[in-house]
Amino acid sequence: MQNDESSQPNFENAKSEVQRKTLDQRAQMDDLMRLRHSCAHIMATAVLRLWPDALLDIGPPTEEGFYYDFDLSHRFSPDDFAKIEETMRQVVKENQVFEKSIKTRDEARAFFEAKGQKFKLERLGDIPEGEAISFYQNGEFVDLCAGPHVMRTGNVKPGGFKLLKVASAYFRGNEKNPQLQRLYGTAFKNKEELENWVKLQEEAKRRDHRKIGAEMGLFAFDAEYVGPGLALWLPKGAVLVEELEKLAKETEFQAGYVRVKTPHLAKEKMYKTSGHLPYYAESMFPAMELPLEPEQKTKAERDLAVAQAKYDKLEKQVKATDEFKAEAEKPVRIQFDSQNQTATIERNLEFPISEQLAADLIESEELLAKAENRLKGDRYYLKAMNCPHHHRIFAAEPRSYRDLPLRLAEYGTCYRYEQSGELFGLMRVRALNMNDAHIYCTADQFAAEFNAVNEMYLKHFKVFGLDRYQMRFSTHDPARLGDKFVNEPELWKQTEDMVRRVLIESGINYVEVPNEAAFYGPKIDVQVWSTIGREFTIATNQVDFAVPARFGLTYRDRDNTDKTPLCIHRAPLGTHERFIGFLIEHYAGNFPLWLAPEQVRVLTIGDDQPIVDYAKSIVQELRSQFVRIEADLSTNPIKAKIAEAEKAKVHTMLVIGGRDLEAGNISVRLHSKGPQGAKAKAEVVADILAAIKERRA
RNA sequence: GCCAGCUUAGCUCAGCGGUAGAGCAACGGUUUUGUAAACCGUGGGUCGUCGGUUCAAUCCCGACAGCUGGCUCCA
């Protein structure tokens, strides 16, 4: 497909308009970004030396390194990396100067047309009129580029860069455009910094929740029998889920939430009413159609027959009327009766009221369609969110302003049909537990409720030692009202102003992201950073001013009129799947005592009966206090038992030998912290119970 | 969904056009121990699935499935 000039490519624009970097912003690019940007050019230089017919797209620096997109019939594979890196080192060695030049638009166009660089031509078109069109050249390689760059290719060190992976990327990220091959690499000031980065990557890999999850027996996927993206929580992982839910339930109870329970599916009408079907259909599992019971079917068939008969009759009448009209429009016939000296005008002047007939026909048609539909049976959808069910709970009883705010909480399982390529361990799944609640309130109550929700986030984050976080405030795009966003310009403005005010007044660290809101209202996503600095979007908090009205939800206000409540959707722990995935990486599997799947293990030195009895009594005592405790009473050497317990990441090990038995002591050892010495049994037990109760870090 | 890579015992991985191997785990013994691994033995695999090439396929080719990485941080 490359060098195919005959058909003028007509590329789609990007999915959403990303703001171009201004030249000022570019000039501020730091040294590392410049270096990486230049390294991207060096890589492109090398690729063109090896594959001269490659078509170029763009090669920007990124937070992790850089990439360059190519169109090329040769498929890059990691086997090519050594060759490309070798050529890159050659370019570095040549120490070429990065030279900037300015071309006119016509010159630039002619330049790329001569080379058949169709993607570059498209990029050229993106440059606004009046902005300088700059080129950078190093050696034989010339690229449309706003810079900035380092001075010479030699500024990049031969051991300071590395190719990382090859991936595909749509031109401008739009799936309607051709796919390009993207080569990823990274570069650092020198070899040492690169090596440090590589080490950090390895640490991240060691902490990967999928790896630790398998090692510790937390969860499993069974694509063959259960399905991709559907996690099975093993006993040890289920502990994490339960502890999280316990934490959330306690916090919510104290904050005045009430708990509800709803089914995992609902009729089509639910999601038609909520508006999820038009806006969200692709993310939902396809509908289930329920066949009718035999009696229902017979009745439905009979109803259908009746409706059909009625319809047929009406239709016939309409036809007859049409025929009559045609007849009527014929010339009038006049008959003379010469005997009686009279004339009869043969003509029916009574036209049926055709408007009435037409209306009847339409009504009958609708009835027929309904009857046909009934015969099909009901359509059910697995719920992709809990809110519609909660709205129906709101609607289940008459509500007064005295009932508000009403905070309905449920850890309902939702099902989302994520694209197969989007699935990623626990982080992106198809069955998920939302730490969900919906707060119905009046506009007056909104600020206080919204604040309380934010405070709950912070409370939770403190428990997990997350001090780095940021809230992303997503707003709507006025240009996409009625398409991506419900068409309520006034309400959008009001609620967005309201949210913005709360954020500013409470001094929360936030950024505003245009065009990313939910379809029913503005949204806040909470990003957190794990101990190794990886970013996760954990919690979400959305304002909904649209859907309660669609469900006709009202409360009786003080002035005896019915009003529609506002609704806040919130999930401070997001989905339990993702949150646990995050925690696994955050703690590297070394959970604090209150979360640890196996909190305590008693290890006996030898298996003499008195020692075994002592160990069993400790197990019994702690187990009766709901501590997750096991015992290793085997005859293995104590070193081996410890090694096993350490490997299993058991939080607290209680080593019991003859000495301890005699003194009524327990020798405590903490996972990855080593022996803590022997203490009186009562003291050890009390400390364990306190640490769990306090959710000590 | 699309592109690329991967799929060998429960796990981590070797291997080769001539019907498979190690370590750990499991199981059975022996061992009686003080803070990260005592010793001996046993079992375990349609080499992801389905087709094709071949005298012969785990290996070569194709399709499918699953997993992994990526799919604008815009010249």
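By convention in this document, chain letters (A, B, ...) are assigned in the order of the sequence lines, proteins followed by strands, and residues within each chain are numbered from 1.
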>> Quick check for you: among B:rC24, B:rU31, B:rU35, whose closest atom lies nearest to any side-chain atom of A:R669?
In response: B:rU35
> Quick one: which of B:rA36, B:rG66, B:rC2 gets closest to the side chain of A:K639?
Replying inline: B:rA36
>> Nearest to the A:A169 side chain among B:rC71, B:rG34, B:rA36, which nucleotide is it?
In response: B:rC71
> OP1, OP2 of B:rU68 versus side-chain N and O of A:R210: anything below 4.0 Å?
Replying inline: yes
> Under 4.0 angstrom, heavy atoms only, what part of the nucleic acid is A:I58 near: base, sugar-phosphate, or nothing?
Replying inline: sugar-phosphate
> Out of B:rC2, B:rG34, B:rA38, which has the shortest distance to the side chain of A:P637?
Replying inline: B:rA38
> How is A:F221 classified with respect to the nucleic acid when contacts are heavy atoms under 4.0 Å: base, sugar-phosphate, or nothing?
Replying inline: nothing
> Checking all strands, does A:K647 fall into the base, sugar-phosphate, or nothing category for heavy-atom contacts under 4.0 angstrom?
Replying inline: base
> From the list B:rC71, B:rC2, B:rG34, which nucleotide is the closest neighbour of the side chain of A:I638?
Replying inline: B:rG34
> Out of B:rA4, B:rC2, B:rA38, which nucleotide sits closest to the side chain of A:V166?
Replying inline: B:rA4
>> From the set B:rC67, B:rC3, B:rG34, return the single nucleotide nearest to any side-chain atom of A:R659.
In response: B:rG34
> Donor-acceptor pair under 3.5 Å: do we get one between A:T635's side chain and the base of B:rU31?
Replying inline: yes
> Contact class for A:Y67 vs. all strands (heavy atom < 4.0 Å): base, sugar-phosphate, or nothing?
Replying inline: sugar-phosphate
> Which nucleotide in the set B:rC2, B:rU35, B:rG66 lies at the smallest distance from any side-chain heavy atom of A:A223?
Replying inline: B:rG66
> Which whole number of Å gives the distance between the C1' atom of B:rA63 and that of B:rG69?
Replying inline: 23 Å
>> Over all strands shown, is A:D69 touching base, sugar-phosphate only, or nothing at heavy-atom distances under 4.0 angstrom?
In response: nothing
> When all nucleic acid strands are considered with a 4.0 Å heavy-atom cut-off, which category describes A:A643: base, sugar-phosphate, or nothing?
Replying inline: base
> Taking atom P in both B:rG5 and B:rC64, what distance in whole Å separates the two?
Replying inline: 14 Å
>> Just checking A:F171 against A:F119, ring centres under 6.0 Å apart?
In response: yes
> Hey, does the side chain of A:Y184 come within less than 4.0 Å of B:rC71's phosphate (OP1/OP2), counting only N and O?
Replying inline: yes
> Looking at the side chain of A:D607, which of B:rU35, B:rC3, B:rU32 is the nearest nucleotide?
Replying inline: B:rU32
> Does NZ or CZ of A:R36 come closer than 6.0 Å to the centre of the six-membered ring of A:F66, within 45° of the ring's axis?
Replying inline: no
> Heavy atoms under 4.0 Å, any strand shown: does A:D57 hit a base, just sugar-phosphate, or nothing?
Replying inline: nothing
> What integer number of Å spans the C1' atoms of B:rG44 and B:rG51?
Replying inline: 29 Å
>> Given B:rG69, B:rC71, B:rU35, identify the nucleotide with an atom nearest to the side chain of A:S667.
In response: B:rU35
